[in-house]
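The residues of the chain are indexed from 1 along the displayed sequence. Computation of the quantities below employed the complete heavy-atom set of this structure, encompassing side-chain atoms and omitting hydrogens, waters and symmetry-equivalent molecules.
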Amino acid sequence: MQLFSEGKRLVEEDRQKDYGDPKRLWSIVAQFWGLLFQIFGMTPRTCAAAMLLLKVIRELINHKQDNLDDIEGYAYIIGKLWEGKNDRG
């Protein structure tokens, strides 16, 4: 059994087909995340916002219902964090 064979398949086949070159995608994500964390710091809310941004970027590249579902989920988490029910942020 090859180590990380499923991960390799996902990255090199499925995700590459859906979102293109991983280097390009993660370069875009890194720019957004860098700006986000520079302005707002590293908190639970900004981490959830970073994941939301990842899904927004993926959705802009290629529509998938999973992206929209995850965006909704991360927005919900951010709202809960503002309420202070899960974390003080």
Side chain to side chain donor-acceptor pair (under 3.5 Å) contacts touching residues 50-61 (sequence neighbours left out):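 Non-adjacent pairs meeting side chain to side chain donor-acceptor pair (under 3.5 Å): Lys55-Asp66, Lys55-Asp70, Glu59-His63, Glu59-Asn67.
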Sequence neighbours excluded, every pair satisfying side chain to side chain donor-acceptor pair (under 3.5 Å) that has a member inside residues 24-38: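 Listed by first then second residue: nothing to list.
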Are [X] and [Y] in one and the same hydrophobic cluster, where Ile, Leu, Val, Met, Phe, Trp and Tyr link if side-chain heavy atoms are under 4.5 Å apart?
| X | Y | value |
| --- | --- | --- |
| Leu54 | Leu35 | yes |
| Val11 | Phe4 | no |
| Leu53 | Tyr76 | no |

Non-hydrogen atoms of Ala48 and Ile77 that approach each other most closely: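 Answer, listing the atom of Ala48 first, then Ile77: CB-CG2, 4.0 Å.
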Which atom of Asp18 lies closest to which atom of Ile61, heavy atoms considered: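 It is O-CG2, 4.1 Å.
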Atom CZ of Phe32 with >12 non-hydrogen neighbours under 6.0 angstrom: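 Open.
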Over 12 foreign heavy atoms within 6.0 Å of CD, Glu72: no
From CG (Leu52) to SG (Cys47), nearest 0.5 Å: 13.0 Å
Pairwise distance CG(Leu10) to CD(Gln16) - rounded to 0.5 angstrom: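 It comes to 12.5 Å.
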Do [X] and [Y] have side chains that approach each other closer than 4.5 Å (heavy atoms only, starting at C-beta)?
| X | Y | result |
| --- | --- | --- |
| Asp14 | Arg9 | yes |
| Arg15 | Pro22 | no |
| Ile28 | Leu25 | no |

For Lys17, all residues meeting side chain to side chain contact (heavy atoms under 4.5 Å, CB included), sequence neighbours excluded: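 Listed in chain order: nothing, the list is empty.
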Side-chain donor/acceptor of Thr46 to backbone N/O of Phe40, under 3.5 Å: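 No.
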